[in-house]
Amino acid sequence: MAKRLTDKVALVTGGASGIGREIARGYVEEGARVVLGDRNAALLAETARELGADAATIEIDVTREADLERAVALAGSRFGRLDIGVNCAGLGLSVPLTEQTEAQWDLVVDVCLKGVFLSMKHEARQMMAGKRGGVIINIASINARQPGEGLSAYAPPRPASR
């Protein structure tokens, strides 16, 4: 019986832990080959051991464009192309707004917004160059709809609708 993702290649940012790791696991179980990108080298190695030969890893920081270029290039060089981008890297700091530093704000915004932008940019370029199409999935938290206390950078309140 064919698996749903046989012959597909995915890049999962934030792939060494949490939701990203479980997505990568599910993709491999469904027949995909997966590149896992994450800042945590130890967790990357552990996840790669669990997933076997269908997983490649690369230590990246999604706030650095060159890192995303390298991750997308790895998908191409190791597995021949990129069909699926899953942008799951995220970071939330629970700090009251009045105590939050500019550096803390910038870190969260850079990972959660800039990181998704850079990921999509390079994933889409690779998919377009391959002329096979593809899909890009951006993972967000429930806090996108319901901000939590102390998460001003992670989920700033939206203006009331009119």
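No hydrogens, no waters, no symmetry mates; every other heavy atom, side chains included, goes into these values. All residue numbers in this chain count up from 1 along the given sequence.
The main-chain N or O of A16 is found under 3.5 Å from a side-chain atom of D38 such that the two form a donor-acceptor pair. A distance-only check finds no donor-acceptor pair linking the side chain of D110 to the backbone of T63 [under 3.5 Å]. For the pair T57 (side chain) and A48 (backbone), a donor-acceptor distance under 3.5 Å is absent. Listed for the N87 side chain is no donor-acceptor partner under 3.5 Å among the backbone atoms of S119. In this structure, T13 contributes its side chain and C88 its backbone to a donor-acceptor pair below 3.5 Å.
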Audit row: N138, M120, side chain to side chain contact (heavy atoms under 4.5 Å, CB included) steps and yes/no: CA-CA 9 Å; N138 299 319; M120 290 190 311; 3.1 Å; yes

Please step through side chain to side chain contact (heavy atoms under 4.5 Å, CB included) for the pair L118 and V62, ending with a clear verdict. CA-CA 7 Å; L118 293 173; V62 296; over 6 Å; no

Apply side chain to side chain contact (heavy atoms under 4.5 Å, CB included) to E102 and D106, showing your working. CA-CA 6 Å; E102 184 176 359; D106 287 345; 3.8 Å; yes

Checking V35 against R78 for the side chain to side chain contact (heavy atoms under 4.5 Å, CB included) test, could you report, in this order, the C-alpha distance in whole Å, the side-chain angles of both residues, the deciding distance, and whether it holds? CA-CA 9 Å; V35 174; R78 175 82 181 264; 5.6 Å; no

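For the side chain to side chain contact (heavy atoms under 4.5 Å, CB included) test, residues two or more places apart in sequence or in another chain that qualify with T98 are P96.
Closest approach of Q126 and L82 over heavy atoms only: CG-CB, 3.7 Å. Listed here is the closest heavy atom pair of E69 and H122: CG-CE1, 3.2 Å.
Placement of M128 and F117 in two distinct hydrophobic clusters is found when ILVMFWY residues are connected by side-chain heavy-atom separations under 4.5 Å, directly or transitively. Cluster annotation: L43 and V111 are assigned to distinct hydrophobic clusters (Ile/Leu/Val/Met/Phe/Trp/Tyr, side-chain heavy-atom contacts under 4.5 Å, transitive).
Salt bridge present: E65 and K121 bring a charged side-chain N and a carboxylate O closer than 4.0 Å. The pair E46-R49 does not count as a salt bridge, with every side-chain nitrogen at least 4.0 angstrom from each carboxylate oxygen. Between E50 and R21, at least one side-chain N (NZ, or NE/NH1/NH2) sits under 4.0 Å from a carboxylate O, which counts as a salt bridge. One finds no salt bridge joining E30 and K3 here, because no Lys/Arg side-chain nitrogen approaches an Asp/Glu carboxylate oxygen to under 4.0 Å.
Donor-acceptor pairing under 3.5 Å is lacking for the side chains of N40 and E59.
Within a 6.0 Å radius of CZ in R25, other residues, nucleotides and ligands contribute more than 12 heavy atoms.
Residues L5, V12, I19, I23, Y27, V28, V34, L36, L44, L51, V86, V135, I137, I139 make up the rest of the hydrophobic cluster containing I84, defined by ILVMFWY side-chain heavy atoms closer than 4.5 Å, directly or through other members.
Residues V72 and R125 fail the side-chain proximity criterion, which asks for heavy atoms closer than 4.5 Å.
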